[in-house]
**Student:** 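The structure follows.
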Amino acid sequence: MQTTNFRLLKEAEKIVERRGAREASLVLIQGKFGIGKSEMTERWASENGHVFIRAKKVWTPRSMLEDIAAELGVAVRGSAKDIENRITQHLAQTMQALIVDEADYLADMKSAAKLETIRDISDVTGTMVFLVGMQDFPAIVQRYEHIASRVARIVQLHPLSLADVQATCKAKAEVALSPALVEQIHRDSKGRMRHVLNAIANIEVWAETNSWTEVDVTHVKGKPLCTDFTGHIAANKGV
């Protein structure tokens, strides 16, 4: 299943592969919460042999290196520099792209030490690094000109289109959904993948309980398809 956002990632990868300046190997991927950045980039990594790692708030530069090394299957003994050297040697040989989710944890307004280490690895190896963050992540990176100068491309991810939701429902739902219900899911979810998947799961439970073989808006009228983090329910009005 390839959504519009997935195609944007593939396009960015091809463009950066053909870049002129070797050191311009950073790609910033930005987007609002809930639109499926993490799931999509992890699947993209798995399908293409890239290295996927999720940044943590508690990371120090060393613990970041240890986690990356562990993901690559290289030793974590010795100093931080020793670990970094093993990582660069491995990536220089494999030329695997590195995808860092939750990249907002790599830098803030006061320090970019972890991001600088990522930049060093990218500079030495020439491998592409995709940094996946929230909407304001590029603005934080821009504060550090020596890192921002390495950014080859910024990819703006968007909420799912109706066509994306239609493709997702077709691929994920284990019960037939009417076109009108798919449109309702798109409206209620506001294009957020997390809500779309929750809506599909809810519908499947209702369908199994009631022995429905196909589900339309009339079946779920008044039922909560999507619930956001505030507990607000986007109710299906049946229109």
Side-chain angles (χ1 to χ4, degrees), residues 1-17 27-48 50 52 54 97 99 101-104 130-139 151-207 214-230 232-239:
M1 180 187 70
Q2 292 194 7
T3 62
T4 302
N5 287 334
F6 194 86
R7 290 191 288 272
L8 287 174
L9 287 180
K10 293 181 67 174
E11 178 184 277
E13 181 179 22
K14 289 181 180 179
I15 290 173
V16 179
E17 281 177 341
V27 179
L28 308 186
I29 301 171
Q30 65 179 133
K32 294 181 178 179
F33 70 91
I35 63 173
K37 297 189 301 295
S38 297
E39 185 273 341
M40 179 180 60
T41 52
E42 186 169 14
R43 176 167 62 89
W44 178 47
S46 177
E47 291 178 358
N48 292 278
H50 302 330
F52 179 88
R54 186 166 287 115
I99 302 173
D101 190 24
E102 305 288 356
D104 310 81
F130 296 83
L131 303 172
V132 187
M134 294 291 286
Q135 196 68 21
D136 59 350
F137 179 59
V151 175
R153 196 167 182 83
I154 298 176
V155 180
Q156 172 69 59
L157 301 185
H158 305 281
L160 301 177
S161 66
L162 175 58
D164 292 332
V165 174
Q166 289 170 335
T168 301
C169 289
K170 183 177 181 180
K172 300 289 187 181
E174 296 181 359
V175 62
L177 309 181
S178 72
L181 180 55
V182 174
E183 291 176 7
Q184 184 69 46
I185 293 172
H186 178 244
R187 287 194 297 271
D188 287 0
S189 69
K190 296 180 173 61
R192 293 177 180 169
M193 178 64 82
R194 192 175 304 159
H195 286 347
V196 171
L197 296 177
N198 285 340
I200 292 172
N202 288 336
I203 292 168
E204 287 175 343
V205 170
W206 299 328
E214 182 175 355
V215 187
D216 188 29
V217 290
T218 56
H219 291 91
V220 299
K221 184 176 181 179
K223 293 182 180 292
L225 289 179
C226 309
T227 306
D228 68 20
F229 75 99
T230 65
H232 171 73
I233 295 173
N236 183 350
K237 305 295 185 183
V239 295

**Student:** Quick one: pull up NZ in Lys14 and CD in Glu11 and give me the separation to the nearest 0.5 Å.
**Tutor:**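 Going from NZ on Lys14 over to CD on Glu11, the span is 9.0 Å.
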**Student:** Backbone N or O of Cys226 within a donor-acceptor pair of the Asp188 side chain at under 3.5 Å?
**Tutor:** no
**Student:** What side-chain donor-acceptor pairs closer than 3.5 Å can you find for residues 196-206, not counting sequence neighbours?
**Tutor:**
from, atom 1, to, atom 2, distance (Å)
Asn198, ND2, Arg194, O, 3.3
Asn202, ND2, Asn198, O, 3.3
Asn202, ND2, Leu225, O, 3.1
Glu204, OE2, Glu174, N, 2.7

**Student:** Once you round to the nearest 0.5 Å, how far does CE of Met193 lie from CG of Asn5?
**Tutor:** 8.5 Å
**Student:** Roughly how far apart are Ile154 CD1 and Ile29 CD1, rounded to 0.5 Å?
**Tutor:**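 Between atom CD1 of Ile154 and atom CD1 of Ile29 there are 11.5 Å.
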**Student:** Restricting to salt bridge (charged side-chain N to carboxylate O under 4.0 Å, His left out), what partner residues turn up for Glu47, sequence neighbours left out?
**Tutor:** Arg43
**Student:** Could you label the plane-to-plane angle of the Phe130 and His50 rings as parallel, tilted or perpendicular, counting under 30° as parallel and over 60° as perpendicular?
**Tutor:**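 Correct class here is parallel.
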**Student:** So, for Ile99 and Ala45, which heavy atoms are closest and what is the spacing to 0.1 Å?
**Tutor:** CD1-CB, 3.7 Å
**Student:** Drop me the distance from Phe137's CZ to Gln30's CD, to the nearest 0.5 angstrom.
**Tutor:** 10.0 Å
**Student:** Can you list every side-chain hydrogen bond (donor to acceptor under 3.5 Å, both in side chains) pair that touches residues 31-40, not counting sequence neighbours?
**Tutor:** Ser38-Asp101
**Student:** Taking all non-hydrogen atoms of both residues, which atom of Leu28 and which atom of Val151 are closest, and how far apart?
**Tutor:** CG-CG1, 4.0 Å
**Student:** Any heavy-atom pair between the side chains of His158 and Leu8 that's under 4.5 Å?
**Tutor:** yes
**Student:** Please tabulate, for side-chain N and O atoms in residues 160-169, each donor-acceptor pair with protein atoms closer than 3.5 Å (sequence neighbours left out).
**Tutor:**
from, atom 1, to, atom 2, distance (Å)
Ser161, OG, Ala163, N, 3.4
Ser161, OG, Asp164, N, 3.1
Ser161, OG, Asp164, OD2, 3.1
Asp164, OD1, Thr4, N, 3.1
Asp164, OD1, Thr4, OG1, 3.3
Asp164, OD2, Thr4, OG1, 3.4
Asp164, OD2, Ser161, N, 3.1
Thr168, OG1, Asp164, O, 2.8

**Student:** Nearest 0.5 Å please: distance from the CG atom of Leu9 over to the CG atom of Asn48.
**Tutor:**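 Going from CG on Leu9 over to CG on Asn48, the span is 10.0 Å.
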**Student:** Please find the pair of heavy atoms, one from Val175 and one from Ala207, that lie closest to each other, and give the distance.
**Tutor:**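 Heavy-atom minimum between the residues: CG2-CB, 4.0 Å.
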**Student:** With sequence neighbours left out, write down each residue that passes salt bridge (charged side-chain N to carboxylate O under 4.0 Å, His left out) with Glu17, or none if nothing qualifies.
**Tutor:**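 Glu17: no salt bridge (charged side-chain N to carboxylate O under 4.0 Å, His left out) contacts found.
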**Student:** For Glu214, what residues pass the salt bridge (charged side-chain N to carboxylate O under 4.0 Å, His left out) criterion, not counting sequence neighbours?
**Tutor:** none
**Student:** Is there a donor-acceptor contact under 3.5 Å from the side chain of Arg7 to the main chain of Gln2?
**Tutor:** yes
**Student:** Search all heavy atoms of His219 against all heavy atoms of Lys223 and return the closest pair with its distance.
**Tutor:** O-CE, 3.8 Å
**Student:** If you apply the rule side-chain contact (heavy atoms from CB on, under 4.5 Å), what do you find for Met40 with Leu157, and how did you get there?
**Tutor:** CA-CA 11 Å; Met40 179 180 60; Leu157 301 185; 3.5 Å; yes
